[in-house]
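First the structure, in the form of structure tokens, and then the observations on it.
As the structure lists them, so they are numbered: ligands from 1, and atoms in each ligand from 1.
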Amino acid sequence: MARYLITSALPYINGIKHLGNLVGSQLPADLIARYLRARGHEVLFLCATDEHGTPAELAAAKAGQPVEAFCAQMHEVQAGIAAGFRLSFDHFGRSSSPQNRALTQHFAGKLAENGYIEEVSERQVFSIADNRFLPDRYIEGTCPNCGYDKARGDQCENCTKQLDPTDLIDPRSAISGSTDLEVRETKHLFLRQSALRGELQAWIDSKTDWPILTTSIAKKWLNDGDGLQDRGITRDLYWGVPVKKGDQDWPGMEGKVFYVWFDAPIEYIACAAEWAEANGKTDADWERWWRTDKGADDVTYLQFMGKDNVPFHTLSFPATQIGSQEPWKMVDYIKSFNYLNYDGGQFSTSQGRGIFMDQALSILPSDYWRWWLLSHAPESSDSEFTWENFQGSVNKDLADVLGNLVSRVTKFCRAKFGEVVPAGGQTGPREAELIAELTTRLRAYEGNMQAMEVRKAATELRAIWVAGNEYLQSAAPWTVIKTDPETAEAMVRLALNLIRLYAVVSRPFIPDAAQSMMDAMGCDDWSWPEDVGAALATLPAGHAFTVPDVTFRKITDEERAEWQTRFAGIRT
Ligand SMILES: [Zn+2]
């Protein structure tokens with residue numbers, strides 16, 4: 001039994017995420033967490049909402065709410081949807097928690113103490129009408145590059161040029177529209193990532209087992225151009241972790257907060273502290289997951305994220321950890337994903353294009369989505385959601401193969417032998433062959449899950465289901481019963497046990513269906529089938545079962561057409 005710490009990239013607070021976001025982090029993290037638990041390992045699976053920064057403030061202002069109330073409400077919404085998708089977090093925290101505030105200030109203090117923080121004076125735009133500095137998106141104006149008149153302080157949406165607020169022509173406040181602006185000196189903290197470059201390089205070079213997608217992105221940032229840049233970690237904003245040096249005030253930094261990209265990854269640690277508090281545990285209970293001097297040296301730490309998040313997890317957050325010169329547990333394996341596209345284009349939160357998590361759950365149960373998304377996870381390249389593919393996959397894999405087996409076996413048994421596992425007969429060479437094939441495939445499935453090869457694992461699981469169906473087809477107990485009822489009983493006994501085995505091994509992918517299959521078998525034995533032959537003798541003769549409701553229904557052509565139209569346009 002080993003110990004696994006698993007974190008998923010933190011979803012930002014300002015809205016409901018689409019299915020592309022889900023399959024790029026939270027869902028595969030859940031799959032692996034569920035699998036490792038099923039194999040008896042000790043798992044701590046953490047996720048949280050990422051709440052600070054300008055977009056949250058602006059979204060709250062648009063909703064006419066104080067930002068604290070807005071974030072509290074959106075956190076509940078996201079927690080509810082995560083539960084709807086059966087994401088099995090041990091804790092779903094908040095980056096605005098007191099724990100994260102204290103830890104973020106602690107890290108900044110340590111970094112300063114160790115010489116990795118530089119105080120830099122910058123010239124920034126100050127709005128006299130709003131009585132505040134206007135960082136990032138709080139300032140709009142005309143792009144000096146293309147002349148677009150609604151360019152933001154960080155970037156021109158029209159020509160994509162990266163901008164500084166002071167670059168804008170005819171700048172105005174995005175809050176009040178005021179043009180009564182002036183440039184003032186303001187002081188900010190920079191994390192001296194360049195001073196940590198050698199240590200980061202050595203650490204990344206030691207990760208020879210990381211996927212190429214992960215290391216190539218990290219090395220590009222480490223080596224391209226002038227190499228790793230120092231990074232501003234403070235902002236003139238209201239909403240964020242107040243800048244402090246540990247628990248001490250930081251002269252000259254009054255009224256400033258840490259930049260969201262500094263505090264968000266620290267929430268991975270703080271979330272464990274939140275988990276401890278929420279469950280009546282002690283500091284030692286969470287520190288044994290995060291401090292290598294307090295028990296975390298035997299922890300394997302896995303992170304899941306989309307490829308756009310890789311630089312922050314291979315460079316910025318490790319720089320924070322290394323620079324603290326404290327024994328924090330560092331990530332062992334980063335599983336990163338490409339993008340899922342939607343029906344000939346891209347998912348887009350800003351344009352409301354694609355299927356969002358709440359909408360998905362409103363039309364079908366989570367298992368349908370979990371199966372399609374995981375079996376088409378964008379691992380080696382981008383992948384695409386189309387309604388035809390979704391319909392085909394659900395109808396074939398889930399309804400025709402798995403659902404059909406469950407329904408056929410249980411209904412046949414009820415009709416011929418009653419709702420108990422039949423006692424007669426012996427299994428023969430055909431069954432031995434099935435057990436051999438299932439054993440081979442199950443070992444391959446385990447290997448893929450351990451390697452976090454999500455699509456390959458799904459392919460193997462599908463093959464495990466198909467093997468059972470093919471066995472049933474060729475064994476044909478409904479024919480055999482006419483001449484040799486005892487042998488038909490043995491076949492059905494094995495097939496009922498196969499349903500329980502399928503429940504166990506399919507659970508990481510489709511937890512609800514697995515539960516209803518297990519319930520129908522009148523059983524609560526989730527032990528992993530180390531020995532397939534023995535596992536297929538778990539339900540003894542005479543054991544009662546019930547015929548379950550339809551495990552998976554088919555998607556009709558009419559539904560597919562209707563959904564395709566409904567989700568083609570803009571989310572309203
Ligand atoms: Zn422009």
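- Ring to ring, Phe385 and Trp372 are close: their centroids are under 6.0 angstrom apart.
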Please report, to 0.1 Å, the donor-acceptor pairs under 3.5 Å made by any side chain of residues 14-21, with sequence neighbours excluded.
| residue | atom | partner | partner atom | Å |
| --- | --- | --- | --- | --- |
| Lys17 | NZ | Tyr12 | O | 3.0 |
| His18 | ND1 | Gly20 | N | 3.1 |
| His18 | ND1 | Asn21 | N | 3.2 |
| His18 | ND1 | Asn21 | OD1 | 3.4 |
| His18 | NE2 | Asn21 | OD1 | 3.4 |
| Asn21 | OD1 | His18 | N | 3.1 |

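- Distances under 2.8 Å from the Zn ion (ligand 1) pick out the protein N/O/S atoms Cys143 SG, Cys146 SG, Cys156 SG, Cys159 SG.
- Heavy atoms from other residues, nucleotides or ligands lying under 6.0 Å from NZ of Lys244 number more than 12.
- For the side chain to side chain donor-acceptor pair (under 3.5 Å) test, no residue two or more places apart in sequence or in another chain qualifies with Asp308.
- Atom NZ of Lys307 is surrounded by more than 12 heavy atoms from other residues, nucleotides or ligands within 6.0 Å.
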Output a table of donor-acceptor pairs, distance under 3.5 Å, between side-chain atoms of residues 256-270 and any protein atom two or more places apart or on a different chain; print 'none' if there are none.
| residue | atom | partner | partner atom | Å |
| --- | --- | --- | --- | --- |
| Lys256 | NZ | Thr186 | OG1 | 2.5 |
| Lys256 | NZ | Lys187 | O | 3.4 |
| Lys256 | NZ | Asp236 | OD1 | 2.6 |
| Asp263 | OD1 | His52 | ND1 | 3.3 |
| Asp263 | OD1 | Asn100 | ND2 | 3.3 |
| Asp263 | OD2 | His52 | ND1 | 3.1 |
| Glu267 | OE2 | Arg94 | N | 3.3 |
| Tyr268 | OH | His313 | NE2 | 2.6 |

